[in-house]
Amino acid sequence: MGSVRAVARPADVNLAIALAEAAGAPRAWYGLGRSSPGPLQLIVLRGGARLDSVMGGRAPSWGAGFALPGVRTIVIRADAGNPQQILSHELAHFALHDAVPGRVPLWFNEGYASVAAGEWSRFDKLRLDLSVARGKVPGFFELDRALRGSQLTAETAYGLAASAVTMLARRHPQRSLVPLLDRLRGGQGFSEAVLASTGWTLSRFEEEWQKDVRRRFGLVTWGLAGGFWLAAGSVVIWAAWAKRRRELPRRKALDQGWIVEPDDEAELPLDEAGPAP
């Protein structure tokens, strides 16, 4: 485990050891090169109550992992997803924090961690998100709030944040995030680094990113990804339910006064029923 200290209850000790070994190993990070997190504490737990006790009630109940670089601690819920994937995401936060001396926006921090951890399934969720398909793309301020909102809004927000980070890379002539990260590592402010590496002010980039999301995850893409069939199936189910509800009074009226006579033959003992035809 090297410089990683694992903390867990007896039932999760083996998992905690495996995660600690993975955490202590050097790895290559997107746009930052190869590094290891250095000394840290890894806490593995289960359940929202246990999470509240460790995080002091400051973490959302749906959260799966938390990086606390200031105290060199990572908290992982073993019952909230793939622990190895969660660990990669939180370690990416450490890698970015250790490399960049200044502050970065929350959307960039979470978007970078999602991309660096290879969480490409977040883009699949965007393709199936009807609100995004309809063009309801938040600005960066609203995106930061959504990342700390409910689980439903946060899932979409993480995908949007990741898409913004990948667009920062696509915008540079080298189609790489390295030039932006190099400027940040050198102490340049985030807005200045975006302008220097993309040619756009941060507000202009925000507008172009919103257009890009609408184009890439619009209604056509949503339909091709299965949204059309999901909507069509819902319509069919609703129509069947409505028809059944409309016909219910008539069916009840038809049922009144009906008397079903008993089947005499079925009541006979087997030796009196006669031979089968």
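Keep in mind that the numbers below use all heavy atoms, side chains included, and drop hydrogens, waters and symmetry copies.
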Any side-chain heavy-atom pair of E192 and R183 under 4.5 Å: no
Neighbour count above 12 (heavy atom, 6.0 Å) for R9 CZ: no
Interatomic spacing from CZ in R170 to OG1 in T198 - rounded to 0.5 Å: 12.5 Å
hydrophobic_cluster_shared for L68 and L147, side chain cutoff 4.5 Å: no
Flag side-chain contact, heavy atom, 4.5 Å: L19 against I74: no
Linked, directly or transitively: F66 and V104 (ILVMFWY side chains, under 4.5 Å): no
Centroid-centroid under 6.0 Å between W107 and F190 rings: yes
Contact check, side chains of R34 and P26, non-hydrogen atoms, under 4.5 Å: yes
Note, V194 side chain near F108 side chain (heavy atom, < 4.5 Å): no
Salt bridge E208-K211, side-chain N to carboxylate O under 4.0 Å: yes
Ion pair check, E142 and K136, cut-off under 4.0 Å: no
Test: R77 and D12 ion pair at under 4.0 Å: no
P83 side chain reached by L15 side chain, heavy atoms, under 4.5 Å: yes
Path from V7 to V54 over hydrophobic side-chain contacts below 4.5 Å: yes
Note, L160 side chain near W209 side chain (heavy atom, < 4.5 Å): yes
For W29 against S35, the heavy-atom pair lying closest together: CD1-OG, 3.3 Å
Shared hydrophobic cluster for I17 and I43 (ILVMFWY, side-chain gaps under 4.5 Å): no
Pair E110-R148, side chain to side chain contact (heavy atoms under 4.5 Å, CB included): steps then yes or no: CA-CA 11 Å; E110 294 296 350; R148 292 296 178 260; 3.2 Å; yes
V178 side chain near H172 side chain, heavy-atom distance below 4.5 Å: no
Interatomic spacing from CG in D79 to CG in L51 - rounded to 0.5 Å: 9.5 Å
Verify same cluster id: L177, M167 (apolar side-chain graph, 4.5 Å): yes
Between R27 and S88, a side-chain donor and acceptor under 3.5 Å: yes
Evaluation steps, side chain to side chain contact (heavy atoms under 4.5 Å, CB included), between L40 and L91: CA-CA 10 Å; L40 64 87; L91 286 173; 4.3 Å; yes
Close side-chain approach of W200 and E206, heavy atoms under 4.5 Å: no
